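Reviewing the structure listed below.
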Amino acid sequence: MPHGLHTKPHYIKAGKMQELDVANLIEEMEAMSRKEHRELLRRMGILIAHLLKWTYQPTHRDDSWRRTILDQRQEINDLIEDSPSLANHFHDNEWLQKAWQRGVQQAAIETGIQILPQEPIWTATEIREKDFFAYE
């Protein structure tokens, strides 16, 4: 039996399905999927935190925050380009709320502001929009 995810495509492409440990392959694919989903949630939380900081601390705005916002948007787009099904999360209000809570928590820690909106004040589309900088 082949070991390692990198040898498996070789067997699939060669039509040697009998050489695969299908249960193991499914487990590895599910683990990769979970990792991608966590990465998307993490990046969305960082993006939301920086948009909140941008909004609630306008006197502290700088190129570093702008760069982080743009970088996170690009990373999110790259994740979706690699795995288009991840985009389904943007239509899931529960998922957006989870990402929002992560962003609020990070922004509160970094700014000391404890009164931040507990519900999303922007849509997933606005958050990801290339030229959207809240209340600029």
Side-chain angles (χ1 to χ4, degrees):
M1 289 286 162
H3 297 292
L5 194 56
H6 299 293
T7 59
K8 292 175 183 170
H10 168 74
Y11 286 103
I12 293 170
K13 289 176 185 174
K16 297 181 179 181
M17 300 300 285
Q18 70 281 2
E19 298 292 326
L20 294 172
D21 177 348
V22 175
N24 186 310
L25 179 60
I26 290 169
E27 185 180 317
E28 289 179 19
M29 290 173 64
E30 288 172 342
M32 285 180 12
S33 177
R34 285 189 302 272
K35 183 178 178 184
E36 289 176 336
H37 289 265
R38 281 192 308 270
E39 181 70 8
L40 180 63
L41 184 64
R42 186 181 75 78
R43 291 194 176 277
M44 192 70 161
I46 292 168
L47 175 55
I48 289 167
H50 277 77
L51 285 171
L52 286 168
K53 288 166 40 173
W54 188 267
T55 301
Y56 288 91
Q57 286 192 318
T59 59
H60 292 72
R61 291 177 183 168
D62 63 16
D63 287 339
S64 172
W65 285 3
R66 182 183 295 274
R67 239 185 346 272
T68 298
I69 290 168
L70 295 174
D71 287 347
Q72 293 307 313
R73 285 176 173 156
Q74 185 59 56
E75 292 294 330
I76 288 168
N77 287 337
D78 290 348
L79 282 167
I80 292 167
E81 186 177 307
D82 290 344
S83 296
S85 66
L86 290 174
N88 293 331
H89 286 301
F90 300 125
H91 306 291
D92 179 350
N93 291 332
E94 217 173 279
W95 182 87
L96 181 58
Q97 182 65 38
K98 188 174 183 178
W100 186 266
Q101 288 306 312
R102 287 178 178 218
V104 166
Q105 182 179 26
Q106 180 181 338
I109 290 168
E110 292 179 9
T111 65
I113 298 172
Q114 297 303 313
I115 302 173
L116 292 168
Q118 296 303 303
E119 299 292 324
I121 57 174
W122 307 300
T123 65
T125 301
E126 287 174 325
I127 293 167
R128 294 180 48 228
E129 192 172 295
K130 178 184 166 203
D131 296 323
F132 177 74
F133 284 91
Y135 312 115
E136 188 172 46

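None of these values were measured; they are calculated from a predicted model.
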- Query: Same cluster or not: are Tyr56 and Phe132 linked, directly or through other Ile, Leu, Val, Met, Phe, Trp or Tyr residues, by side-chain heavy atoms under 4.5 angstrom apart?
  - Reply: yes
- Straight-line distance of Trp100 CH2 to Ile121 CD1, nearest 0.5 Å: 4.5 Å
- Message: My understanding is that only one of Asp78, Asp82, Ile76 makes a side chain to side chain contact (heavy atoms under 4.5 Å, CB included) with Ile80; could you say which?
- Response: Ile76
- Over 12 non-hydrogen atoms of neighbours within 6.0 angstrom of CG in Asn93: no
- Message: Using 0.5 Å steps for rounding, measure from the CD atom of Glu75 to the CG atom of Leu79.
- Response: 7.0 Å
- Query: Taking only residues at least two apart or on different chains, which pairs with a member in residues 95-107 satisfy salt bridge (charged side-chain N to carboxylate O under 4.0 Å, His left out)?
  - Reply: none
- Item | pair Ile48-Gln106: side-chain heavy atoms closer than 4.5 Å | no
- Query: Do any N or O atoms from the side chain of Trp95 and from the backbone of Asn88 form a donor-acceptor pair under 3.5 angstrom?
  - Reply: no
- Message: Just checking Gln105: does its CD atom have more than 12 heavy atoms from other residues, nucleotides or ligands closer to it than 6.0 angstrom?
- Response: no
- Message: Would you say that Trp122 contacts Pro117 through its side chain, given a criterion of any heavy-atom pair below 4.5 Å between the two side chains?
- Response: no
- Task: Answer with yes or no whether the hydrophobic clustering places Val104 together with Ile113; edges join I, L, V, M, F, W, Y residues whose side-chain heavy atoms lie under 4.5 Å apart.
- Result: yes
- Any donor-acceptor N/O pair, Gln57 side chain to Thr55 backbone, under 3.5 Å: no
- Query: Backbone N or O of Met44 within a donor-acceptor pair of the Gln72 side chain at under 3.5 Å?
  - Reply: no
- Query: Are the side chain of Arg73 and the backbone of Glu129 linked by a donor-acceptor contact shorter than 3.5 Å?
  - Reply: yes
- Query: Can you check whether Phe90 reaches Leu40 side chain to side chain, under 4.5 Å on heavy atoms?
  - Reply: yes
- Interatomic spacing from CZ in Arg61 to NE2 in His50 - rounded to 0.5 Å: 13.5 Å
- Query: Are the side chain of Asp62 and the backbone of Trp65 linked by a donor-acceptor contact shorter than 3.5 Å?
  - Reply: yes
- Query: Crowded around Glu94 CD? As in, over 12 foreign heavy atoms under 6.0 Å?
  - Reply: no
- If you measure from the Lys or Arg side-chain nitrogens to the Asp or Glu carboxylate oxygens, is any gap between Glu39 and Lys35 under 4.0 Å? no
- Note on the structure: For Asn77, the side-chain hydrogen bond (donor to acceptor under 3.5 Å, both in side chains) test, sequence neighbours excluded, returns Arg128
- Closest non-hydrogen contact found for Ala108 with Gln114 is O-NE2, 3.7 Å
- CG of Leu52 to CG of Leu47: how many Å apart, nearest 0.5 Å? 9.5 Å
- Message: If you define the side chain from C-beta out and look only at heavy atoms, does anything of Leu96 sit under 4.5 Å from Ile127?
- Response: yes
